[in-house]
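Have a look at the structure below, then the notes.
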Amino acid sequence: MSQVFSEETHRNLLARIPHCTGREVSDWLRTVDEGPSLRFEEKVSWLRHEHNLAYGHAKALIHEYDLRRAARKLR
């Protein structure tokens with residue numbers, strides 16, 4: 001079972017991504033969008049193995065990607 005981050009933890013993880021990876025969150029979200037169509041945990045694993053991201057950062061990115069995709073559908 002995957003761990004669930006609080007909203008604060010999620011925001012903190014996103015804020016650290018540019019410092020830790022050298023890439024902006026928007027760049028990572030574009031990478032996810034252009035990547036393979038997988039389930040949540042599979043996308044996390046893909047980011048970890050293909051792009052060498054830490055688990056927390058990968059999970060935060062996929063969660064943010066899903067949040068933004070859902071927000072676009074509501075418009």
Less than 4.5 Å apart, side chain to side chain, heavy atoms only: is that true for [X] and [Y]?
X     : Y     : value
Asp33 : Leu29 : no
Arg11 : Glu64 : yes
Trp46 : Thr31 : yes

Report whether Phe40 and Leu67 are members of the same hydrophobic cluster (ILVMFWY, side-chain heavy atoms less than 4.5 Å apart, transitive linking).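 Phe40 does not cluster with Leu67.
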So which heavy atom on Lys43 is nearest to which on Ile62, and how close? CB-CD1, 3.5 Å
Exercise: identify the closest heavy-atom pair between Ala60 and Leu13: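 Minimum heavy-atom separation between Ala60 and Leu13: CB-CB, 3.8 Å.
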List, one per line, each side-chain donor-acceptor pair under 3.5 Å for residues 14-21, sequence neighbours excluded.
{"unit_1": "Thr21", "atom_1": "OG1", "unit_2": "Ile17", "atom_2": "O", "d": "2.7"}
{"unit_1": "Thr21", "atom_1": "OG1", "unit_2": "Arg23", "atom_2": "N", "d": "3.2"}
{"unit_1": "Thr21", "atom_1": "OG1", "unit_2": "Arg23", "atom_2": "O", "d": "3.2"}
{"unit_1": "Thr21", "atom_1": "OG1", "unit_2": "Trp28", "atom_2": "NE1", "d": "3.0"}

Taking the side chain from Glu50 and the backbone from Leu47, do they hold a donor-acceptor pair closer than 3.5 Å?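 Side chain of Glu50 to backbone of Leu47: no pair is present.
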Approximate separation, where rounding is to 0.5 Å, of Arg30 CZ and Glu24 CD: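 Between Arg30 CZ and Glu24 CD, I get 10.0 Å after rounding to 0.5 Å.
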Under the rule for ring-ring contact (aromatic ring centres under 6.0 Å, His included), what residues qualify as partners of His10, not counting sequence neighbours?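 With sequence neighbours excluded, His10 shows a ring-ring contact (aromatic ring centres under 6.0 Å, His included) to His63, given in chain and number order.
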What do you reckon, is CD of Glu7 surrounded by more than 12 foreign heavy atoms closer than 6.0 Å? yes
